[in-house]
Amino acid sequence: QVQLVESGGGLVQAGGSLRLSCAASGRTFSSYAMGWFRQAPGKEREFVAAISWSGGSTYYADSVKGRFIISRDNSKNAVYLQMNSLKPEDTAVYYCAADSAYRAVVDGTATVATYYDYWGQGTQVTVSS
């Protein structure tokens, strides 16, 4: 069992930056691929970024590529999402998720929400124009 707790959300102006953190419990965290998703009001949950268990492979949605960076620190049981050049359309609740499959490479399959076994409660990110 893995529990995930997101933090770091808040209100920021367009063009600004935020760093989200996801703290995970459980001794098997280092073997899990991790992902970030987001859900804006009235919209479906969408994939943002994913990272393999080692951190050696990452994958991004086109909408955030070049602006967001996903990383992890297995010694701290944490995964991060550095968000730069934020836009109003990035406003959403951001969720981290854990995929218990031992994935050395993350690719387009990481965009599928049903592949993930554990989810956090989310953290709100609001970008003002």
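Residue numbers start at 1 and run along the sequence shown.
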**Q** Looking only at atom types and distance, does a side-chain atom of N77 sit under 3.5 Å from a main-chain N or O of A23, one as donor and one as acceptor?
**A** no

**Q** Between N84 (side chain) and I69 (backbone), is there a donor-acceptor pair under 3.5 Å?
**A** no

**Q** Any donor-acceptor pair under 3.5 Å linking the side chain of S85 with the backbone of G15?
**A** no

**Q** Less than 4.5 Å apart, side chain to side chain, heavy atoms only: is that true for L18 and L86?
**A** yes

**Q** Determine yes or no for a side-chain-to-main-chain donor-acceptor pair under 3.5 angstrom, with S57 supplying the side chain and V106 the backbone.
**A** yes

**Q** Can K87 and D90 be counted as an ion pair, charged N to O under 4.0 angstrom?
**A** no

**Q** Heavy-atom count around E89 CD within 6.0 Å, excluding the residue itself: above 12?
**A** yes

**Q** Under the 6.0 Å and 45° cation-pi test, does R72 pair with F29?
**A** yes

**Q** What donor-acceptor contacts under 3.5 angstrom involve side-chain atoms of residues 40-47, with partners at least two apart or in another chain?
**A**
| residue | atom | partner | partner atom | Å |
| --- | --- | --- | --- | --- |
| E46 | OE2 | R38 | NE | 2.6 |
| E46 | OE2 | R38 | NH2 | 3.1 |

**Q** Aromatic rings Y94 and F68: how do their planes relate, parallel, tilted or perpendicular, breaks at 30° and 60°?
**A** tilted

**Q** Under 4.5 Å between any side-chain heavy atoms of L4 and W119, yes or no?
**A** no

**Q** Please determine whether side chain to side chain contact (heavy atoms under 4.5 Å, CB included) holds for the pair W53 and R103, giving the CA-CA distance in whole Å, both sets of side-chain angles, and the decisive distance to 0.1 Å.
**A** CA-CA 6 Å; W53 67 269; R103 300 188 193 278; 5.5 Å; no

